Amino acid sequence: MHSKTRHPRALTAIALAALGAVIAVAHYGSKLVAIGTAYTAKTLCSGVFVSHRDPASVLGTDLSPDVHPILRLVDASTDRDARQVTASLFGLAQRKAIYRDGFGCVVVDPNGGVIPAAASLIDETPKRAGPSSATDDLRTAGEPAPEIDAAALRAAVDWAFAEPHPKLPRNTRAVLVVHDGRIIAERYAGGFDQDTALIGWSMTKSVVNALIGILVKEGKLSLDAPAPIPEWAGADDPRRAITLAQLLHMTSGLEFEEDYANPLADVTYMLFGVPNAAEFAVAKPLRAQPGTRWQYSSGTSNVLTHAIRRTVGEADYHAFPRQALFDRIGMTSAVLETDGTGTFVGSSFMYATARDWARFGLLFLQDGVWSGERILPEGWVEFSRSPAPNAPDGKFGAHFWLRIPEEFRCGDDPPELPADAFHAVGYAGQFVTVVPSRKLVLVRLGLTHYPCGWNHQKFLHLVLGAWRE
């Protein structure tokens, strides 16, 4: 008799558990699909309208199932007249990305309400007047200096474009080697050339470093002062103590999940799941006392672009990167994209040609000086390449890497690189490497989906091996 009364209760518990599991799976699935369609719309839009690539090429490579299996099921269409892309999965979770001159693509909700003002954030195309070729510190190709073995350098570049492991494709798209301000090696994969603007992903973080540096030079920001984030200004908010230097060093203590394998982790959800990436990052609570713990976090870079917006002001904010940095060093191809509220996505969304990425590296090689004009504060480059407090093995500086991340230095590593080398590094193997002792800037752009598919440590070792003793 007792067992009979327990039986329906047990069934009810099982049913409730099953219902809960179904709801959880449905919730996860709906968020995953929404992010998948947003990622597709944004990537295809930027690939077509910023990089000027064929839609089929973007769909077949950048949006292949190698990125995530769900992309196999996403349908996408490009409207060249309207300059927009629409993506959906079986007609569900439809997302649209629209293009704006000079500011790239941004995801909107075609059903309305998410980002209604995105298309009208900017009224006019930003000016693109860079310095004349006579004052351009990046000089075109010529014969390598006598101390460089041209054949060894060609062999190094050949290695970068070779595909010895079919299951770990390198997918190198561009390589540029600059010695003492002069291009000594340059090569592109089929379908790409010197005019193709390519995404830097997290190399964008290093550009944010430069923009902050310019504001420090102008006296508008101070490294050791609390970051100008109004949302943290409450007297009882412990985040109000976070300094600009701590954000640049990624020792803010803010909670953030930087997990690229999980499509619903903070980093992906911030970029493709919400209209306001900066707000998402700013809202994160503290996980540790500021300055006591190092954690790589894309969220902190978007906190910084939020701080730049507050510092520069609405009237000047959207023109600021171009007028303060890009135009001054000739980065005429550079496109820094915004989130749906118009804040630059400083963690991830900047496009530029290989030559313009090289100009950025050259600025840091030259201690922040371009054509005799000081762009960055004196001592800023040294600050940028000094190890962040608590960064393991001194591997990270101020939004620059001082050691190549493990996933790009796998296997039989060659000897250590010059101690003064530092790197802007982005997802899928994007690199701008600066080696002051060799007067070297090296750019590698590609689409390496798998860890250890690209070994930048070995590539850099091969390039440096072209220097004769």
Side-chain angles (χ1 to χ4, degrees), residues 128 130-142 144-145 147-148 153 157 174-187 194-195 197-198 200 203-214 217 321-322 324-334 336 350-385 397-402 417-418 420-426 430-445 456 459-460 463-464 466-467:
R128 289 175 171 268
S132 69
S133 58
T135 61
D136 191 351
D137 288 4
L138 181 69
R139 301 186 296 281
T140 54
E147 67 266 28
I148 298 173
L153 183 60
V157 175
V175 163
L176 199 69
V177 183
V178 178
H179 176 242
D180 200 15
R182 191 157 52 92
I183 298 171
I184 59 171
E186 184 175 22
R187 188 181 302 179
Q194 68 182 50
D195 296 320
L198 292 171
M203 293 201 302
T204 312
K205 294 177 172 68
S206 300
V207 175
V208 170
N209 161 297
L211 295 175
I212 292 289
I214 290 168
K217 180 176 180 292
R322 184 156 302 285
L325 178 63
F326 301 151
D327 282 353
R328 296 170 77 184
I329 65 173
M331 293 181 67
T332 57
S333 72
L336 184 53
M350 182 174 137
Y351 285 72
T353 64
R355 289 189 176 189
D356 278 353
W357 282 116
R359 286 183 172 90
F360 178 72
L362 190 57
L363 174 67
F364 277 79
L365 180 71
Q366 297 175 166
D367 193 37
V369 174
W370 192 269
S371 296
E373 179 189 5
R374 176 158 290 285
I375 307 294
L376 303 175
E378 195 165 348
W380 187 261
V381 173
E382 185 59 29
F383 162 73
S384 301
R385 59 175 302 275
H399 270 45
F400 278 91
W401 288 87
L402 310 185
L417 303 174
D420 61 347
F422 58 107
H423 322 265
V425 183
Q430 320 312 316
F431 277 88
V432 173
T433 290
V434 180
V435 187
S437 59
R438 300 293 184 92
K439 300 180 182 179
L440 173 70
V441 173
L442 187 151
V443 176
R444 187 272 179 175
L445 304 172
H456 193 71
F459 177 50
L460 187 50
V463 171
L464 291 170
W467 266 250

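In this text, all values refer to a predicted model and were calculated from it rather than measured experimentally.
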Enquirer: Do the side chains of Val177 and Ile183 get nearer than 4.5 Å, heavy atoms only?
Expert: no

Enquirer: Is the backbone N or O of His179 less than 3.5 Å from a side-chain atom of Arg438, with the two atoms forming a donor-acceptor pair by type?
Expert: no

Enquirer: So which heavy atom on Pro321 is nearest to which on Leu336, and how close?
Expert: CG-CD2, 4.0 Å

Enquirer: Do you know the tightest heavy-atom contact between Ala354 and Val443?
Expert: O-CG2, 3.9 Å

Enquirer: Nearest 0.5 Å please: distance from the CD1 atom of Ile214 over to the CG atom of Leu325.
Expert: 4.5 Å

Enquirer: side-chain contact (heavy atoms from CB on, under 4.5 Å) between Arg444 and Thr433: does it pass, once the steps are laid out?
Expert: CA-CA 9 Å; Arg444 187 272 179 175; Thr433 290; over 6 Å; no

Enquirer: Do the side chains of Leu417 and Val435 get nearer than 4.5 Å, heavy atoms only?
Expert: no

Enquirer: Do side-chain atoms of Asp180 reach the backbone of Lys439 as a donor and acceptor pair under 3.5 angstrom?
Expert: no

Enquirer: I would like to know whether Leu376 and Lys217 meet side-chain contact (heavy atoms from CB on, under 4.5 Å); could you show each step before the answer?
Expert: CA-CA 7 Å; Leu376 303 175; Lys217 180 176 180 292; 5.9 Å; no

Enquirer: Output yes when a side-chain donor or acceptor of Thr204 lies under 3.5 Å from a complementary backbone atom of Met350, and no otherwise.
Expert: yes

Enquirer: If I compare all heavy atoms of Thr332 with all of Arg322, which pair ends up nearest, and what's the gap?
Expert: O-NH1, 4.0 Å

Enquirer: List the residues meeting salt bridge (Lys or Arg N to Asp or Glu O under 4.0 Å) with Arg359, not counting sequence neighbours, and say none if there are none.
Expert: Asp136, Asp356

Enquirer: Crowded around Gln194 CD? As in, over 12 foreign heavy atoms under 6.0 Å?
Expert: yes

Enquirer: Could you walk me through whether Trp357 and Leu176 satisfy the side-chain contact (heavy atoms from CB on, under 4.5 Å) test, starting with their C-alpha distance in whole Å, then the side-chain angles of each, then the deciding distance to 0.1 Å, before giving a yes or no?
Expert: CA-CA 9 Å; Trp357 282 116; Leu176 199 69; over 6 Å; no

Enquirer: Between Met203 and Val432, what is the shortest heavy-atom contact and its length?
Expert: SD-N, 3.4 Å

Enquirer: Identify the heavy atoms of Ser437 and Pro418 that sit nearest to each other, and give their distance.
Expert: OG-CB, 3.9 Å

Enquirer: Do Phe459 and Leu442 come close enough that some side-chain heavy atom pair is under 4.5 Å?
Expert: yes

Enquirer: For residues Asn209 and Trp380, report the shortest heavy-atom separation together with the two atoms involved.
Expert: OD1-NE1, 2.8 Å

Enquirer: Apply side-chain contact (heavy atoms from CB on, under 4.5 Å) to the pair Phe400 and Val434, showing each step before the final yes or no.
Expert: CA-CA 10 Å; Phe400 278 91; Val434 180; 5.8 Å; no

Enquirer: For the pair Ser206 (side chain) and His399 (backbone), establish whether a donor and an acceptor sit closer than 3.5 Å, ignoring hydrogens and angles.
Expert: yes

Enquirer: Not counting sequence neighbours, which residues clear ring-ring contact (aromatic ring centres under 6.0 Å, His included) with Trp401? List them please.
Expert: Tyr296, Phe396

Enquirer: Enumerate, atom names and distances included, each donor-acceptor pair closer than 3.5 Å involving a side-chain atom of residues 360-367, sequence neighbours excluded.
Expert:
from, atom 1, to, atom 2, distance (Å)
Gln366, NE2, Asp137, OD2, 2.9
Gln366, NE2, Val369, O, 2.9
Asp367, OD2, Arg374, NH2, 3.2

